[in-house]
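First the structure, in the form of structure tokens, and then the observations on it.
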There are 2 protein chains.
Amino acid sequence: MITSTRKERERLEREAKILDLARSMLRQVGYHGLSMDRIAAEMEYSKGTIYQHFPNKEEIILALANQALEQRLGMFQQAATWSPKSRERMAGIGAAAEEFVERYPLHFAVEQIIRSASMWEKTSEERRKFMRSCDQRCLQIVSGVVRDGVAQDDLALPANTTPEDLVFGLWSLNFGAYTVITSSDTLEENGIANPIATLRRSQNLLLDGYGWQPLSSEVDYDQVMDQVRAEVFGDEQPNTP
Amino acid sequence: MITSTRKERERLEREAKILDLARSMLRQVGYHGLSMDRIAAEMEYSKGTIYQHFPNKEEIILALANQALEQRLGMFQQAATWSPKSRERMAGIGAAAEEFVERYPLHFAVEQIIRSASMWEKTSEERRKFMRSCDQRCLQIVSGVVRDGVAQDDLALPANTTPEDLVFGLWSLNFGAYTVITSSDTLEENGIANPIATLRRSQNLLLDGYGWQPLSSEVDYDQVMDQVRAEVFGDEQPNTP
DNA sequence: GTCATTTATTGACGCATAGTCAATAATTGT
DNA sequence: ACAATTATTGACTATGCGTCAATAAATGAC
């Protein structure tokens with residue numbers, strides 16, 4: 001018997017509801033406050049039914065993370081076609097990363113949880129695969145821009161260096177910076193007055209270090225990033241909280 | 001009554017034992033497997049006695065993190081006096097960071113936990129302060145090297161940029177890179193064959209971007225880092241696992 | 001050395017949560 | 001209408017955190 005369309009629709013709907021609820025619960029009561037009992041109570045279903053959808057709590061978290069990764073993937077795709085100039089497109093991706101964290105702080109929080117806590121044992125191979133695929137497609141988008149830069153002679157990579165290597169640096173820089181920002185509330189008093197601006201500069205200087213033309217001394221990429229954020233992401237309201 | 005010396009000594013000894021045990025348990029059964037009951041059982045003390053030392057689990061984790069931060073602080077101090085040349089000393093600090101993660105992977109794992117999970121509510125102000133102080137002293141050591149670079153005219157910081165801003169970039173890059181490395185086992189098949197080497201290059205190019213002389217095109221900082229690791233950290237055995 | 005007082009240790013207890021599963025209710029197909 | 005299938009329930013087990021009254025050990029006054 002083929003799965004009835006209505007049934008399947010209802011199932012997916014409820015699954016989405018569970019995830020929405022879990023996300024908002026995560027915001028309100030934090031990671032430790034997130035409990036299956038509470039989800040069940042709030043959903044007005046019994047626990048058993050929730051367990052029909054997700055075999056454990058970790059799987060819910062991973063599903064949330066996957067939503068986040070997918071969301072960012074979309075934003076990267078938008079940003080990666082912004083300008084004909086490769087380095088400006090790269091700046092655009094930086095702007096997208098910024099926009100993502102600011103617009104969906106909870107999504108980033110979930111990503112942090114997933115990337116640090118060890119919760120892999122209990123999760124399904126399917127969802128883990130999806131996560132890898134998001135990571136990979138994201139990486140490909142950005143390294144595609146790098147390849148464009150190389151193709152257009154704006155950039156020459158050092159020996160033994162792949163476009164993905166360059167992206168790994170940017171990725172680390174971004175992820176690390178937002179983690180440090182989130183977890184430390186004494187940056188300002190320690191001489192780091194505007195960490196976001198500093199992250200932007202670090203990215204620019206790293207790319208300058210690679211010799212990606214035109215250098216940040218010649219073009220104001222800060223302005224480019226502001227422009228991307230205003231024109232590409234400016235008028236969209238945060239639909240997924 | 002002044003605290004008896006012997007009593008106090010015994011107390012500290014047991015506290016150290018608890019932390020050692022917690023750390024090795026963390027390695028064996030992961031963050032989620034770490035439980036107060038198990039610690040108590042393994043210590044052959046009752047739970048109540050463990051709670052005489054630490055008011056909750058989070059406090060134990062934070063204490064472990066503080067040990068880790070202190071350890072790294074020491075390594076940074078050693079590395080920061082290695083060479084008369086400011087940029088070489090900076091490379092040395094990079095080498096120390098590398099050595100730290102490789103020699104004490106568990107320490108780094110604890111740091112990741114502390115920086116992502118929200119466990120601040122229950123911990124004592126005292127330990128939180130100690131953590132901040134470690135972070136701060138670490139930052140000061142590294143930004144001190146930056147200041148030396150500026151003083152010796154090897155480096156000129158951009159306008160509105162503090163030495164701490166520069167360090168924030170390196171810090172983010174390192175923390176992010178090791179987190180990504182730890183949490184992703186598909187780097188190689190995605191074109192990032194040697195992430196540690198890539199991290200090194202990213203650091204060098206970032207500093208090149210700042211114009212810190214001599215540039216990595218003139219000096220082989222890779223070799224400097226290997227040298228630091230061999231000569232400064234080479235013959236010390238990993239005493240704290 | 002004895003015993004009262006202080007201090008340390010214990011483990012049973014209350015409460016919260018993850019995950020299971022037999023019993024029950026609802027839906028479906030004939 | 002009713003048998004077969006599928007969905008839902010919530011009591012139940014197991015585990016873990018943190019508490020606290022009861023018990024044991026150490027201390028010091030005499």
Side-chain angles (χ1 to χ4, degrees), chain A residues 1-19 21-22 25-26 28-64 113 117-124 127, chain B residues 1-19 21-22 25-26 28-64 113 117-124 127:
Chain A
M1 198 241 286
I2 302 285
T3 329
S4 139
T5 303
R6 200 195 88 233
K7 275 286 192 65
E8 190 58 15
R9 221 175 337 121
E10 280 177 2
R11 191 188 162 72
L12 288 176
E13 227 166 74
R14 190 161 59 183
E15 203 154 299
K17 249 188 195 160
I18 293 175
L19 290 178
L21 186 65
M25 242 165 85
L26 210 57
Q28 280 165 18
V29 292
Y31 176 52
H32 275 103
L34 184 71
S35 91
M36 298 302 264
D37 288 78
R38 244 193 271 204
I39 290 176
E42 202 94 19
M43 285 281 292
E44 298 189 355
Y45 275 105
S46 81
K47 221 165 25 152
T49 301
I50 308 295
Y51 274 93
Q52 290 287 327
H53 289 269
F54 299 96
N56 52 56
K57 200 168 84 160
E58 283 69 26
E59 196 79 17
I60 292 185
I61 308 270
L62 184 53
L64 284 178
I113 290 170
S118 62
M119 42 172 57
W120 305 113
E121 302 118 29
K122 297 161 101 188
T123 54
S124 70
R127 278 214 172 74
Chain B
M1 199 239 285
I2 301 285
T3 329
S4 138
T5 302
R6 200 196 87 234
K7 277 287 193 64
E8 191 58 17
R9 223 177 332 123
E10 281 176 3
R11 189 187 165 72
L12 288 176
E13 228 166 75
R14 189 161 58 183
E15 203 153 298
K17 250 188 193 159
I18 293 175
L19 290 179
L21 186 64
M25 243 164 86
L26 211 56
Q28 281 164 18
V29 292
Y31 176 51
H32 275 103
L34 184 71
S35 90
M36 298 300 266
D37 287 77
R38 246 193 269 204
I39 290 176
E42 202 92 19
M43 284 283 291
E44 298 188 355
Y45 275 106
S46 81
K47 222 162 27 147
T49 301
I50 308 296
Y51 274 92
Q52 290 287 325
H53 290 269
F54 299 96
N56 51 55
K57 200 167 82 160
E58 283 68 27
E59 196 79 16
I60 292 185
I61 308 268
L62 184 53
L64 284 178
I113 291 170
S118 61
M119 43 172 56
W120 304 114
E121 301 118 29
K122 296 160 102 187
T123 54
S124 71
R127 278 213 172 76

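Between the two ends of the helix from C:dG1-D:dC30 to C:dT30-D:dA1, each summarised by a five-pair axis, the helix axis turns through 10° (rounded to 10 degrees).
The distance from atom NZ of A:Lys57 to atom P of C:dG19 is 8 Å, rounded to the nearest whole Å. Between A:Lys122 atom NZ and C:dA18 atom P the separation is 9 Å, expressed in whole Å. B:Tyr51 places its OH atom 13 Å from the C1' atom of C:dG11, with the value rounded to the nearest Å. When rounded to the nearest whole Å, the span between CZ of B:Arg11 and P of D:dA26 equals 17 Å. In this structure, B:Glu58 places its CD atom 9 Å from C1' of D:dC17, rounding to the nearest Å. Taking atom CD1 on A:Ile50 and atom P on D:dA7, their separation rounds to 15 Å, with Å as the unit. Whole-Å rounding puts the B:Phe54 CZ to D:dG16 P distance at 20 Å. Going from atom CG of A:Asn56 over to atom C1' of C:dT17 covers 14 Å, rounded to whole Å.
In this structure, the salt bridge (Lys or Arg N to Asp or Glu O under 4.0 Å) partners of A:Lys122, at least two apart in sequence or on a different chain, are A:Glu58.
Of the residues in residues 34-49 of chain A, those placing a heavy atom less than 4.0 Å from an atom of DNA chain C are A:Leu34, A:Ser35, A:Met36, A:Asp37, A:Arg38, A:Lys47, in numerical order.
Remark: B:Leu64 CG to B:Leu62 CG distance equals 9.0 Å, nearest 0.5 Å. Summarising the geometry, atom CD belonging to A:Glu59 is positioned 4.5 Å from atom CZ belonging to A:Arg127; distances are rounded to the nearest 0.5 Å. Here the straight-line distance linking atom CD1 of A:Ile61 with atom CG of A:Leu26 works out to 5.5 Å at 0.5 Å rounding.
Which of C:dG19, C:dT9, D:dG18 sits closest to the side chain of B:Gln52 comes down to C:dT9.
Within the nucleic acid shown, B:Arg14 comes within 4.0 Å of sugar-phosphate atoms alone, with no base atom in reach, counting heavy atoms only.
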Just distance, no hydrogens or angles: give the donor-acceptor pairs under 3.5 Å from side chains in residues 28-42 of chain A, sequence neighbours left out.
residue, atom, partner, partner atom, Å
A:Ser35, OG, A:Arg38, N, 3.0
A:Arg38, NH2, A:Gly33, O, 3.4

What side-chain donor-acceptor pairs closer than 3.5 Å can you find for residues 48-55 of chain B, not counting sequence neighbours?
residue, atom, partner, partner atom, Å
B:His53, ND1, B:Glu15, OE1, 3.2
B:His53, NE2, B:Arg14, NE, 3.0
B:His53, NE2, B:Arg14, NH2, 3.3

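Summarising the local packing, CD of B:Glu121 is surrounded by more than 12 heavy atoms from other residues, nucleotides or ligands at distances under 6.0 Å.
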Is there any protein nitrogen or oxygen under 3.5 Å from a nitrogen or oxygen in nucleotides 24-27 of chain C, and what are the pairs?
none

